Amino acid sequence: MEQRFKLFIAYHTNEENIATLLSEYFQSMGIPKDFIYLCGLPSNDGKVINIDEISIMLKSSCVNIPILSQKFLDSAFCTNVTGAFVFDENALLLPVILPEITPNMVSGFLKEFYRLFKLDVSEDVAYIYDAVQGSLDIIPPSLTVATNAMNAFINKYTLSVSRISKKSSPTLISSNPAFEQLDITTDDEMIVLYYILSNQVLEVSKKDVDDWLVEAEIYDVDTENAFKLLATIGYARYHEGILKIDIITFRRWSKMSDELLPVLTACVKNHTILSSHIFEDMWQNDELNTTLKLFTAYLIDEATPVLTYRNASDPQINSIIAWENKNGLSNTVSNNYQKCLQVFEQNNLIYESDWSIHGTPRKYNLNHSFYDYILSNDFPHRHELSELKIKN
């Protein structure tokens with residue numbers, strides 16, 4: 001039999017963001033992306049694409065992780081794949097349950113014979129990684145890297161599921177008479193409609209909305225889905241990345257804007273995670289080591305909103321070395337620059353903004369609220385950072 005080398009993660013398509021976070025966590029722990037197979041499965045009325053590919057990947061997986069949500073349990077496609085996991089004697093099965101699932105809800109053999117794991121419990125995440133690492137024979141990272149990666153993953157996961165659980169859009173829609181006149185039911189549509197009404201535009205490009213989402217730090221919005229759905233209303237058209245709303249529909253929305261905007265604003269807030277809050281949480285939870293704090297001090301002293309990274313001779317690294325020399329510091333930050341970028345990117349403090357022809361990142365922008373926060377006069381950790389520079 002051919003050696004099995006795949007980690008197979010099955011999830012309902014609604015939980016794609018959770019599966020992606022889990023995959024990114026494994027990659028940060030040294031597991032190659034090529035070793036991870038993400039399998040999004042639809043509801044009963046959907047169509048499975050690449051069924052042959054799924055079959056091949058099942059045969060090559062040594063660890064199978066189903067992400068169990070209510071949508072997952074309700075889908076015959078999802079439960080069928082889980083059944084294939086159960087009867088695969090050559091692969092390890094590690095079922096993960098989301099917050100809405102209790103052990104009693106997982107019927108039959110899963111409840112009786114398999115341990116269920118939660119992604120916000122560090123012991124469970126550590127157990128899952130150890131099992132995967134052992135099965136794939138991957139060299140584990142250092143304890144510091146592993147701890148930072150786990151904390152970053154649990155933090156992102158907790159934020160993601162809390163945002164999902166508190167989304168009030170459907171309730172607000174059903175209780176608001178204005179929305180009874182609109183054929184709008186998803187958060188994606190509501191957020192794009194918020195953009196349209198706020199900017200009072202008939203025509204909007206997908207790129208402009210995507211750029212706005214990044215700048216405003218709004219997450220988990222599928223603009224492609226939103227544009228396609230909004231294009232079914234009235235005589236709207238979506239072509240080559242441009243959504244054009246017909247004037248009759250736009251006038252109707254505009255007249256209702258006083259009633260619609262409070263609901264739409266609430267939806268936008270449910271998808272907003274400010275990087276300034278993430279950074280402060282990391283600081284309070286002792287997730288920033290000395291190197292990361294000194295890196296923050298560099299960002300403050302140099303007041304740079306854009307970072308670059310290409311190779312060891314990158315001007316950014318030279319800038320950091322000059323800053324270290326000026327402050328009598330060792331080369332801790334410059335020697336660990338790539339690791340600092342990795343941690344900050346994993347926690348949504350920075351984001352990739354430019355790439356080489358090979359797709360590797362060349363520039364990173366600081367998220368706006370994070371940049372504004374650390375440069376503000378009210379930033380509460382300036383004194384500690386000054387003392388840290390003196391001590392190091």
Side-chain angles (χ1 to χ4, degrees), residues 24 148 152 155-156 159 195 198-199 205 207-221 223 268-269 271-284 287-327 329 331-356 359-386 388-389:
E24 291 173 347
N148 288 339
N155 182 47
K156 288 183 179 181
L159 287 170
Y195 180 91
S198 298
N199 291 279
S205 75
K207 182 183 183 303
D208 287 345
V209 173
D210 286 339
D211 289 345
W212 166 67
L213 293 173
V214 170
E215 289 189 14
E217 300 175 38
I218 301 169
Y219 297 91
D220 295 337
V221 181
T223 51
V268 169
K269 287 183 177 179
H271 285 260
T272 302
I273 308 177
L274 294 180
S275 53
S276 57
H277 295 171
I278 294 174
F279 178 82
E280 187 59 31
D281 287 343
M282 292 175 69
W283 190 290
Q284 297 300 331
E287 296 175 22
L288 296 167
N289 59 26
T290 298
T291 301
L292 294 171
K293 288 183 177 180
L294 286 173
F295 180 52
T296 304
Y298 164 76
L299 296 177
I300 294 172
D301 290 351
E302 299 302 312
T304 175
V306 180
L307 298 166
T308 63
Y309 186 79
R310 287 189 292 275
N311 50 51
S313 62
D314 190 279
Q316 196 77 59
I317 296 179
N318 293 333
S319 170
I320 295 173
I321 292 173
W323 173 80
E324 289 170 332
N325 292 337
K326 181 172 64 177
N327 288 277
L329 299 170
N331 296 128
T332 303
V333 178
S334 54
N335 289 339
N336 292 278
Y337 178 51
Q338 188 172 18
K339 293 180 180 178
C340 291
L341 289 178
Q342 183 180 29
V343 173
F344 274 37
E345 184 181 16
Q346 287 174 346
N347 288 278
N348 292 332
L349 302 179
I350 63 175
Y351 61 91
E352 297 175 7
S353 56
D354 186 45
W355 302 264
S356 70
T360 55
R362 294 193 304 187
K363 289 183 180 180
Y364 298 82
N365 282 31
L366 275 65
N367 267 313
H368 288 280
S369 68
F370 169 57
Y371 180 72
D372 291 343
Y373 178 58
I374 61 175
L375 264 65
S376 70
N377 293 329
D378 298 327
F379 182 63
H381 308 297
R382 287 183 179 275
H383 181 67
E384 183 174 341
L385 290 179
S386 295
L388 199 63
K389 288 192 290 185

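All values below come from the heavy atoms of this structure, side chains included, with hydrogens, waters and symmetry mates left out. Residues take their numbers from the sequence shown, with the count starting at 1. As the structure is a prediction and not an experimental result, all values here were calculated from the model.
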Any side-chain heavy atom of [X] sitting closer than 4.5 Å to one from [Y]?
X: Tyr219; Y: His271; result: no
X: Trp212; Y: Asn199; result: no
X: Phe379; Y: Ile300; result: yes
X: Asp208; Y: Tyr195; result: yes

Set of salt bridge (Lys or Arg N to Asp or Glu O under 4.0 Å) partners for Asp372, sequence neighbours left out:
none
Listed partners of Asp211 passing salt bridge (Lys or Arg N to Asp or Glu O under 4.0 Å), at least two apart
Lys207
Sequence neighbours excluded and cut-off under 3.5 Å, please list the side-chain donor-acceptor pairs for residues 336-345, or say none.
from	atom 1	to	atom 2	distance (Å)
Asn336	ND2	Thr332	O	2.7
Tyr337	OH	Thr308	O	2.7
Gln338	OE1	Tyr309	OH	3.4

From [atom1] ([X]) to [atom2] ([Y]), nearest 0.5 Å:
X: Asn289; Y: Leu292; atom1: CG; atom2: CG; result: 4.0 Å
X: Asn331; Y: Ile320; atom1: CG; atom2: CD1; result: 10.5 Å
X: Thr272; Y: Ile218; atom1: OG1; atom2: CD1; result: 4.5 Å
X: Leu349; Y: Ser276; atom1: CG; atom2: OG; result: 9.5 Å
X: Leu329; Y: Leu294; atom1: CG; atom2: CG; result: 6.0 Å
X: Ile350; Y: Tyr371; atom1: CD1; atom2: OH; result: 14.5 Å

Check whether Asn347 reaches the backbone of Ile278 with its side chain - one donor and one acceptor, N or O, closer than 3.5 Å.
no
Donor-acceptor pair, side chain of Ser369 and main chain of Ser275, under 3.5 angstrom
yes
Residues at least two apart in sequence or cross-chain that pass side chain to side chain contact (heavy atoms under 4.5 Å, CB included) with His368, listed by chain then number, are Glu215, Glu217
Please list, chain by chain and in numerical order, all residues satisfying side chain to side chain contact (heavy atoms under 4.5 Å, CB included) with Thr223, sequence neighbours excluded.
Lys206, Val209, Asp210, Leu213, Val221
Take the angle between the ring planes of Trp283 and His381 and call it parallel below 30°, perpendicular above 60°, tilted in between.
parallel
Just do the side chain to side chain contact (heavy atoms under 4.5 Å, CB included) check on Leu274 and Tyr373 with the steps written out, would you?
CA-CA 10 Å; Leu274 294 180; Tyr373 178 58; over 6 Å; no
Suppose the criterion is side-chain hydrogen bond (donor to acceptor under 3.5 Å, both in side chains): which pairs have a residue in residues 291-304, not counting sequence neighbours?
Lys293-Glu384, Tyr298-Gln316, Tyr298-Ser319, Asp301-Trp323, Asp301-Lys389
